[in-house]
Amino acid sequence: MVETVVNIERTTTTTTNGPPGGANPSADGNFWGAIRLNLDYFRTIPGILKVVQFVLGIICMALASPPISSATSFFMFVVVISFIITILLIAAYFLGIREALNVAVNWIFSELITTAVLTLLYFIGFIVQLARWSDATGKGAGSYTAAGVFGLFNFLAYAAGTYFLFLAHRSGATH
């Protein structure tokens, strides 16, 4: 005698009403509908550090421009690249873009590597800037020296950001 076993699996589908207009942004994959403002991140230490990096970057750019030496040109390169990346990260956190993209990327590790590289570049940049302008006299020397000092402060902000990202990565966080 042959015995037959039948497994029955039941699924339940639930439909919820979306926003007015009929489109549910999470259901149809609408990227712009999934974006949400996230101010809570900027109340955390990493969020505050990003704002500090942003403000110090503006100060560094203001003090070091126009770059009249190759040392200051390199310093400005580091400041501007770091500033652009920081702006993009601030936008990604503020708008919740990381969650809206829904891609398999370890965001914490990616940001850790990026911030570590920017920290190293800032370290080299502020040393080059201060070495060039620390003993200089004349018009604008004080501004360029101050740019190097604020570069040191921003290096410390990026180093602290790298440290907190390392702690988050070590704890196993991916978002």
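Hydrogens, waters and symmetry mates play no part in the numbers below; they use all other heavy atoms, side chains included. One is the number of the first residue; the rest follow in order along the sequence. Small disclaimer: the values here were computed from a predicted structure and weren't measured.
Atom OG1 of Thr86 is separated from atom CG of Leu56 by 10.5 Å, given to the nearest 0.5 angstrom. For the atom pair Leu165 CG and Ile108 CD1, the distance stands at 6.0 Å (nearest 0.5 Å). In this structure, Leu89 CG and Ser110 OG are separated by 10.0 Å, a value rounded to the nearest 0.5 Å. Atom CZ of Phe164 sits about 9.5 Å away from atom OG1 of Thr44, to the nearest 0.5 Å. A distance of 7.5 Å separates CD1 in Ile90 from CD in Gln53, rounded to the nearest 0.5 Å. Considering CD1 of Ile87 and CZ of Phe94, their distance stands at 12.5 Å, rounded to 0.5 Å.
Ring-plane geometry between Phe54 and Phe83 is classed as parallel, the angle between the planes falling under 30 degrees on a 0 to 90 degree scale with a further cut at 60. Using a 30° and 60° split on the angle between ring planes, Phe109 and His169 fall in the tilted class, from 30° to 60°. Aromatic ring orientation, Phe126 versus Phe155: tilted (interplanar angle from 30° to 60°).
Cluster membership check: Val117 shares its hydrophobic cluster with Val105, using side-chain heavy-atom separations under 4.5 Å among Ile, Leu, Val, Met, Phe, Trp and Tyr. Under the 4.5 Å side-chain heavy-atom criterion for Ile, Leu, Val, Met, Phe, Trp and Tyr, Tyr144 and Phe153 are members of distinct hydrophobic clusters. Ile58 and Phe150 fall within a single hydrophobic cluster, where Ile, Leu, Val, Met, Phe, Trp and Tyr are joined by side-chain heavy atoms under 4.5 Å apart, directly or via other members.
The heavy-atom pair separating Ala157 from Val52 by the smallest distance is CB-CG1, 4.2 Å. Among all heavy-atom pairs drawn from Ala91 and Ile97, the shortest one is O-CD1, 4.1 Å. Residues Gln129 and Ala64 share a closest heavy-atom pair of NE2-CB, 4.5 Å. Heavy-atom minimum distance, Leu63 versus Ala147: CB-CB, 3.7 Å. Nearest heavy atoms, Val128 versus Ala71: CG1-CB, 3.5 Å.
Put simply, the side chain of Thr162 does not reach to within 4.5 Å of the side chain of Phe166, judged on heavy atoms. Between Phe75 and Cys60, the closest side-chain pair of non-hydrogen atoms falls below 4.5 Å. Side-chain contact between Thr119 and Phe123 is absent, with no heavy-atom pair separated by less than 4.5 Å. Considering only heavy atoms from C-beta on, Leu156 stays 4.5 Å or farther from Tyr122 through its side chain. Between Pro46 and Tyr93 the shortest side-chain heavy-atom distance does not fall below 4.5 Å. At least one side-chain heavy atom of Ile85 sits under 4.5 Å from a side-chain heavy atom of Thr114. For the pair Phe42/Ile48, no side-chain contact is recorded, criterion being any heavy-atom separation below 4.5 Å from C-beta on.
A side-chain N or O of Thr72 and one of Ser69 form a donor-acceptor pair less than 3.5 Å apart. Trp133 and Ser143 share no donor-acceptor pair across their side chains, judged by distance under 3.5 Å alone.
Around OH of Tyr41, the count of heavy atoms belonging to other residues, nucleotides or ligands within 6.0 Å exceeds 12.
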Do Thr145 and Leu130 pass the side-chain contact (heavy atoms from CB on, under 4.5 Å) test, and can you show the C-alpha distance, the side-chain angles, and the key distance before you say yes or no? CA-CA 6 Å; Thr145 304; Leu130 287 178; 4.2 Å; yes
Checking side-chain contact (heavy atoms from CB on, under 4.5 Å) for the pair Leu49/Tyr158: CA distance, chi angles, key distance, verdict? CA-CA 8 Å; Leu49 283 172; Tyr158 276 95; over 6 Å; no
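Using a distance-only test at 3.5 Å, with no hydrogens or angles considered, a donor-acceptor pair links the side chain of Ser171 to the main chain of Ala168.
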